[in-house]
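Worth saying up front: this structure is predicted, and the values here are computed from it rather than measured.
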Amino acid sequence: MKILSFALLQSALLAAGQVFLKYALMRMKPFGWTWDFWGSLLVNWQFAACALCFLFASLLWMYMLKVFPLSVAYPLSSLSYVFGMVAAILFFHEAIPATRWIGVGLIMIGCWIISIK
């Protein structure tokens, strides 16, 4: 069950990074290989927050890979999809159809099965 705690934290960090990235991209100028575009990226605090979330998620992922079997750790990383869907509702007010909820439910059941011994 220890790995489940780590997987939940790592997945939450990944989802938070994606939320910050989406907010950052919404504030940025249209994509282009211009100084204007890249300058808007460098002064965007949401992009910096995204990078920090991904950094901490990566460090935690390295620890998980070192300590736990890959066959357990890797499937548990799919919990980030669950957090991502909840974030889509809370932060972006997206409507989620029943089929996606079924898929998320199956992911959660699969992760629970994998995490028990």
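Residues M62 and L14 are members of separate hydrophobic clusters, defined by side-chain heavy-atom contacts under 4.5 angstrom among Ile, Leu, Val, Met, Phe, Trp and Tyr. F37 and W45 are members of different hydrophobic clusters when ILVMFWY side chains are connected at heavy-atom separations under 4.5 Å. Hydrophobic clustering (ILVMFWY, side-chain heavy atoms < 4.5 Å, transitive): L60 and V67 are in one cluster. Hydrophobic clustering (side-chain heavy atoms under 4.5 Å, transitive across Ile, Leu, Val, Met, Phe, Trp, Tyr) keeps F92 apart from I89. Residues L106 and V104 do not share a hydrophobic cluster, clusters being chains of Ile/Leu/Val/Met/Phe/Trp/Tyr side chains in contact below 4.5 Å.
Other residues, nucleotides and ligands contribute at most 12 non-hydrogen atoms within 6.0 Å of the CH2 atom of W112.
Once rounded to the nearest 0.5 Å, the distance linking CG of L41 with CE of M28 reads 4.5 Å. Remark: L9 CG to L4 CG distance equals 11.5 Å, nearest 0.5 Å.
M64 and I3 make their closest contact through CE-CG1, 4.4 Å (heavy atoms, listed as atom of the first residue, atom of the second, distance). Between S40 and K29 the shortest heavy-atom distance is OG-N, 3.7 Å. Between P97 and A95, the shortest heavy-atom distance links the atoms CD-O, 3.7 Å.
Legend: salt bridge (Lys or Arg N to Asp or Glu O under 4.0 Å) pairs involving residues 80-107, not counting sequence neighbours: none detected.
Between the side chain of Y23 and the main chain of F47, no donor-acceptor pair closer than 3.5 Å is present.
Judged by a 6.0 Å distance limit and a 45° cone about the ring axis, K22 is not positioned over the six-membered ring of F91.
Applying the ring pair (Phe, Tyr, Trp, His ring centres under 6.0 Å) test to Y63 and every residue at least two apart in sequence or in another chain returns F6.
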Give the table of side-chain donor-acceptor pairs shorter than 3.5 Å for residues 73-85, with sequence neighbours excluded, one pair per line with atom names and distance.
from : atom 1 : to  : atom 2 : distance (Å)
S77  : OG     : Y74 : O      : 2.6
S78  : OG     : P75 : O      : 2.6
S80  : OG     : S77 : O      : 3.0

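Taking the centre of each ring, F54 and F20 stay at or above the 6.0 Å mark.
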